[in-house]
Amino acid sequence: MAPIVALLGLVLVAGGSVFAATKLDLVGSSAAATATPDPATGSDQTPGPDSTPGPLATPTPQPTAFVTPPPNEQATIAGELLYVRDGNIWKVSGTTSTQLSSQGTDSSPTWSNDGSRIYFVQTTLQRGLKTPFADGSGPRADTVSHYATDIMSMNADGSGRTRLFTSKFKSGQGYWTTIAMQPDLSPDGKTLVLVSDMGEVPTSDVDAGAVVLATMSASGSNPKGMGIDYVGEGLYTPLGHNDPAWSPDGKSIAFTYDDKGGGKGGGLPKIGIIRAPFKKHAPELSPKGRGYASPSWSPDGRYIAAERMTNNSRDIVVLDPKTWEEVGRLTTDGMSFAPEWSPNGDQIAYLHVDGLAVDVRVITLDLSGDLTRVADQAVTVDGHVQPESPPAWFIPAGQLTRPPDATREPASSTAGPAQTGGPATGGASAAP
């Protein structure tokens with residue numbers, strides 16, 4: 001799945017919000033959306049170890065040489081920053097990158113709140129599953145091949161790999177798989193928010209559940225949809241919600257809101273925010289126009305780093321979630337996406353695409369006045385980073401520096417000269 005997702009992401013300007021395009025259920029050479037039954041229907045969602053055909057072994061990609069950026073262009077990472085390269089999870093601390101997994105099946109890592117565990121998605125191909133509606137009489141095949149996305153965890157050093165949630169389940173006369181992607185753990189360490197198509201098993205090639213926000217416990221139990229509305233119906237399969245991100249206080253979840261309707265048009269996406277107790281079906285939406293995605297909260301909760309999208313470009317900006325004004329534009333190359341704010345507040349990691357190559361870069365900010373970019377440096381330079389997996393950052397409490405001054409007002413959205421050019425070191429100012 002990883003190469004397919006990477007290709008789709010690059011076609012869509014390598015954005016973080018490309019998950020909806022990855023809903024793949026292969027039937028021969030065709031593709032249809034996958035879904036999961038509502039628990040209320042009574043379907044058995046607890047897969048047994050011996051109750052289904054075994055998965056096809058996923059070949060481990062041949063490793064590629066890791067290339068280090070030149071010293072004067074290399075970012076120095078406080079704490080530990082996760083990224084995904086060739087289907088494997090890597091960790092960089094200081095200027096040293098270490099490979100943590102080697103199966104070639106992994107994506108979307110996120111940290112536990114104490115940095116002891118890493119949660120992530122493992123994708124494997126399940127061949128020859130008997131469908132829930134297999135009776136030999138319909139136009140659909142009685143067996144299908146699915147990409148199963150399981151929620152996993154492992155220790156911070158890559159040991160102790162454990163499956164928490166199995167996306168393959170028994171339903172009716174056969175088996176199906178649910179999408180479970182982009183997990184993010186709540187600050188109290190109890191709840192994972194993710195994107196999923198929990199809700200139904202399709203009965204035709206155009207019947208598909210939407211990919212929307214869902215939650216499950218940190219142990220992988222009690223998965224359920226959050227009931228947030230979406231756009232699209234019938235043949236126009238909803239694109240779905242993406243990129244969920246808990247606020248630092250655990251009282252809000254920001255995410256990319258489906259506003260396209262899966263073929264009906266409707267413009268570029270928005271950022272939505274839902275607030276505790278998370279029972280409201282209509283989220284608060286960024287009202288200043290469309291075109292923002294992939295939110296990441298600043299550690300004090302006052303700002304959101306995001307992608308600023310047009311039809312053919314993506315750049316990193318900083319938003320004030322109270323006014324939805326842009327208070328800083330950090331790139332203008334049109335090929336930058338998937339921001340992740342440092343727990344220290346003074347750096348933002350992001351992904352950058354150049355042709356078919358994707359790498360991790362880090363912007364360093366001067367927080368003494370306006371949001372000013374003082375450096376933009378590379379973490380990787382060999383182009384093997386996976387675009388569907390944003391970076392994830394953890395800094396131990398003992399290494400945290402003073403958080404940003406809570407009394408500092410956001411910079412005016414019209415202040416300062418506009419930054420020009422692509423990634424570079426030094427000197428550029430944040431500006432709209």
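Below, each value reflects all heavy atoms present in this structure, side chains not excepted, and no hydrogens, waters or symmetry copies.
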S.K.: Before giving the answer on side-chain contact (heavy atoms from CB on, under 4.5 Å), spell out for Leu82 and Val92 the whole-Å C-alpha distance, their side-chain angles and the decisive distance to 0.1 Å.
M.R.: CA-CA 7 Å; Leu82 301 176; Val92 57; over 6 Å; no

S.K.: So among Arg275, Lys322, Lys270, which one has a salt bridge (charged side-chain N to carboxylate O under 4.0 Å, His left out) with Glu284?
M.R.: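 Single salt bridge (charged side-chain N to carboxylate O under 4.0 Å, His left out) partner of Glu284 among Arg275, Lys322, Lys270: Arg275.
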
S.K.: Let me see the working for Leu192 and Asp184 under side-chain contact (heavy atoms from CB on, under 4.5 Å), right down to the final yes or no.
M.R.: CA-CA 5 Å; Leu192 287 165; Asp184 191 51; over 6 Å; no

S.K.: My understanding is that only residues two or more places apart in sequence, or in another chain, count here; which of them pass ring-ring contact (aromatic ring centres under 6.0 Å, His included) with Phe394?
M.R.: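 Checked Phe394 against ring-ring contact (aromatic ring centres under 6.0 Å, His included); matches are Trp111.
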
S.K.: So His352 and Asp359, side chain to side chain donor-acceptor pair (under 3.5 Å) or not? Walk me through it.
M.R.: CA-CA 5 Å; His352 181 263; Asp359 282 297; over 6 Å; no

S.K.: With side chains defined as the heavy atoms from C-beta onward, is the minimum distance between Thr331 and Arg308 less than 4.5 Å?
M.R.: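 In short, these two side chains do not touch, never coming nearer than 4.5 Å.
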
S.K.: Give a yes-or-no answer on whether the side chains of Thr310 and Asn312 include a donor-acceptor pair shorter than 3.5 Å.
M.R.: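 Asn312 and Thr310 do have a side-chain donor-acceptor pair below 3.5 Å.
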
S.K.: On the 0 to 90° scale, with breaks at 30° and 60°, tag the Phe278-Trp246 ring pair as parallel, tilted or perpendicular.
M.R.: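 Plane angle over 60°, so perpendicular.
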
S.K.: Report yes if the side chains of Tyr257 and Ser286 come closer than 4.5 Å at any heavy-atom pair, otherwise no.
M.R.: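 The answer is no; the side chains never approach within 4.5 Å.
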
S.K.: Between atom OH of Tyr119 and atom CG of Leu185, what is the distance when rounded to the nearest 0.5 Å?
M.R.: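 Output value for this atom pair is 5.0 Å.
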
S.K.: Assess whether a salt bridge exists between Lys91 and Asp157, defined as any Lys/Arg side-chain N lying under 4.0 Å from an Asp/Glu carboxylate O.
M.R.: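 Salt bridge: no.
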
S.K.: Side chain of Thr256, backbone of Ala293: donor and acceptor closer than 3.5 Å?
M.R.: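 Checked: no pair found.
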
S.K.: Would Arg161 and Asp106 count as a salt bridge (charged side-chain N to carboxylate O under 4.0 Å, His left out) if you check the C-alpha gap in whole Å, the side-chain angles of each, and the deciding distance to 0.1 Å?
M.R.: CA-CA 11 Å; Arg161 189 179 176 103; Asp106 303 340; 2.7 Å; yes

S.K.: Sequence neighbours left out, what passes salt bridge (Lys or Arg N to Asp or Glu O under 4.0 Å) with Asp150? Give chain and number order.
M.R.: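 Partners of Asp150 under the salt bridge (Lys or Arg N to Asp or Glu O under 4.0 Å) test: Arg163.
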
S.K.: Residues in side chain to side chain donor-acceptor pair (under 3.5 Å) with Gln74, at least two apart?
M.R.: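 Testing Gln74 for side chain to side chain donor-acceptor pair (under 3.5 Å), a comparison that skips the adjacent residues, returns none.
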
